[in-house]
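The block underneath contains the structure these notes are about, expressed in structure tokens.
The chains referred to below are lettered A, B, ... by the order of the sequence lines, with proteins before strands, and numbering in each begins at 1. All heavy atoms count here, side chains included; hydrogens, waters and symmetry mates do not.
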Number of protein chains: 2
Amino acid sequence: MVLTSENPGPRPESRAERKEQTRRAILDAALRLCEGSSLVALSLRQVAKEVGIVPTGFYRHFESIEALGLALVEESFVSLREMLRDVRLHDPAYDDLIDSSIDVLIAHVHAQQAHFAFIAREREAGPPAVREAIARSIELFERELASDLQRLPGTDAWTTEDLRILSNLFVTALVATAVAVLHAGEEPEEEKRLVESARTQLRMVLVGALSWRSER
Amino acid sequence: MVLTSENPGPRPESRAERKEQTRRAILDAALRLCEGSSLVALSLRQVAKEVGIVPTGFYRHFESIEALGLALVEESFVSLREMLRDVRLHDPAYDDLIDSSIDVLIAHVHAQQAHFAFIAREREAGPPAVREAIARSIELFERELASDLQRLPGTDAWTTEDLRILSNLFVTALVATAVAVLHAGEEPEEEKRLVESARTQLRMVLVGALSWRSER
DNA sequence: TTGATGAGTGCACATCCGTACACTCAATGG
DNA sequence: CCATTGAGTGTACGGATGTGCACTCATCAA
């Protein structure tokens, strides 16, 4: 069997690929280990042990737990951005906009449990740099949602500030729902109740925003 | 100078009073030390050093950091209950109900910064028992608010469930505002923006809830 | 083929952690 | 007045933590 750069033999991974695998393993291990507590209570040695490398090996990938946290924030918001994209796949003029948005949210919460729980925790409890990164990303997320809302019929005359206020309320309510669904865990009937509640809340907000706005 | 039980002399504190003072010092120290991180990253030794007692002395007052956390939850919600009482001092029929509620909230956030920050952090990041205690207390708080809302004109025909959904949204929005105000710190113009935003949001919700409800 | 690179190792160290145990000695109540 | 109580002390321990340093040896570019 000839070993060339195209056919590297029984160990197909390049050096860089192997490093990337370890990096992934570290990220996954950290996400798993800090469930139920927080990044600030996570030690480098725990992570290393979970991954199966020696403590000092950690430094080949991150310079600190805080830096690891920033990478996890990045990653989490990539998945959130995918969620927004899924929401946009629907025609925004339809009446079921709220229903479909919540469905997409719930699906993503289930698919990305760990990421949602991570940002919900660390936005308040994480290391300062992590908290700031999350705050920045959420603000960005709200701005994106605001520009989506702008395309809804009935919001043409709204100011940018009004749209920000509305999308802030939406995000707040949706985050609260996501967290509640996470806490509900594997209790389908409780989750159903939460989803129904979120539906009602968003409808109230939407109706209120439109009529309140038209009164001015 | 005669020393009697009514006149204990130059050291007026009884044994129990001195113990209570130390207990308070421990609670205050813990609240101060876990600002910017979390209970789960707080060590018994740090607390003891801050208070000025030896580590093992801690056990005379709490059996663990988690037990200390439960006491802090208790304390925090006492101050929240006082806030609700202040809100109720206003005539609920007035149009400025939302304004006055937000004013009361902001005043309490400033007066009880540490308590607000504590529950905002630990409800997601704290030890399991602490998280559960906070969840229970918030639920109770929502129920109280719901029964207050019931006395508002226009909500007579609402079901209990509807009231719970509405008060849940109110609490969610108010907590988000409180947290944002805390993060704004000493920036009056930013805080003013946040308060104005909260006002708008609550009005939208109230208007929406009333009109959405009457449509059914 | 060979020399450089760098992911992961192994050991050492000082520091922090929770907690067990025996103690002191002022306040307390009978 | 005197025996009891209990808040706070002091020492000591085994284990976890972050990190410095010298190392190996597979991979990779030249």
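Of the residues in residues 51-66 of chain A, those lying under 4.0 Å from DNA chain C by heavy-atom distance are A/Ile53, A/Val54, A/Thr56, A/Gly57, A/Arg60, A/His61. Shown for residues 28-43 of chain B: residues whose heavy atoms fall under 4.0 angstrom of DNA chain C, namely B/Ser43.
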Tabulate atom names and distances for all N/O pairs under 3.5 angstrom spanning the protein and nucleotides 3-5 of chain D.
residue: D/dT5; atom: O2; partner: B/Arg15; partner atom: NH2; Å: 2.4

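Residue B/Arg18 contributes atom CZ, which lies 6 Å from atom P of C/dA27 at whole-angstrom precision. Taking atom NZ of B/Lys49 as the reference point, atom P of C/dG18 lies 12 Å away to the nearest angstrom. Atom C1' of nucleotide C/dT19 and atom CG of B/Leu44 are separated by 9 Å, given to the nearest angstrom. Separating the CD atom of B/Glu13 from the C1' atom of D/dA7 is a distance of 14 Å, rounded to the nearest angstrom. Per the geometry, CD belonging to B/Glu20 stands 16 Å off P belonging to D/dG6, to the nearest Å.
Checked for salt-bridge contact, A/Arg193 and A/Glu190 meet the test: a charged N lies under 4.0 Å from a carboxylate O. A salt bridge does not link A/Glu35 with A/Arg121: none of the charged nitrogens is closer than 4.0 Å to a carboxylate oxygen. Taking a cutoff of 4.0 Å between a charged side-chain nitrogen and a carboxylate oxygen, B/Lys192 and B/Glu189 do not qualify as a salt bridge. With respect to B/Arg24 and B/Glu75, a salt bridge is recorded, a charged nitrogen being found less than 4.0 Å from a carboxylate O. Electrostatic pairing of B/Arg123 and B/Glu132 does not count as a salt bridge here, judged by no charged N lying under 4.0 Å from a carboxylate O.
At a cut-off of 3.5 Å, with distance as the only test, a side-chain donor of A/Ser43 or A/Gln46 sits close to an acceptor on the other residue. Judged by distance alone, the side chains of B/His110 and B/Glu191 do bring a donor and an acceptor atom under 3.5 Å apart.
The two residues A/Glu144 and A/Leu84 come nearest to each other via the heavy atoms OE1-CD1, 3.5 Å.
A/Gln21 comes within contact range of no nucleotide atom at all, as no heavy-atom separation falls under 4.0 Å.
Counting heavy atoms from C-beta on, the side chains of B/Phe62 and B/Arg23 come closer than 4.5 Å.
When each of B/Thr22 and B/Arg45 is assigned the nucleotide of DNA chain D with its nearest heavy atom, B/Thr22 is the one assigned upstream, toward the 5' end.
With rounding to the nearest 0.5 Å, the separation of CG in A/Leu145 from CG in A/Leu149 is 4.5 Å.
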Inset, instruction - Starting from the C-alpha separation in whole Å, work towards a yes-or-no answer on side-chain hydrogen bond (donor to acceptor under 3.5 Å, both in side chains) for A/His61 and A/Glu20. - result: CA-CA 9 Å; A/His61 303 273; A/Glu20 180 55 27; over 6 Å; no
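In terms of phosphate contacts, A/Gln46 brings no side-chain nitrogen or oxygen within less than 4.0 Å of OP1 or OP2 of D/dA16.
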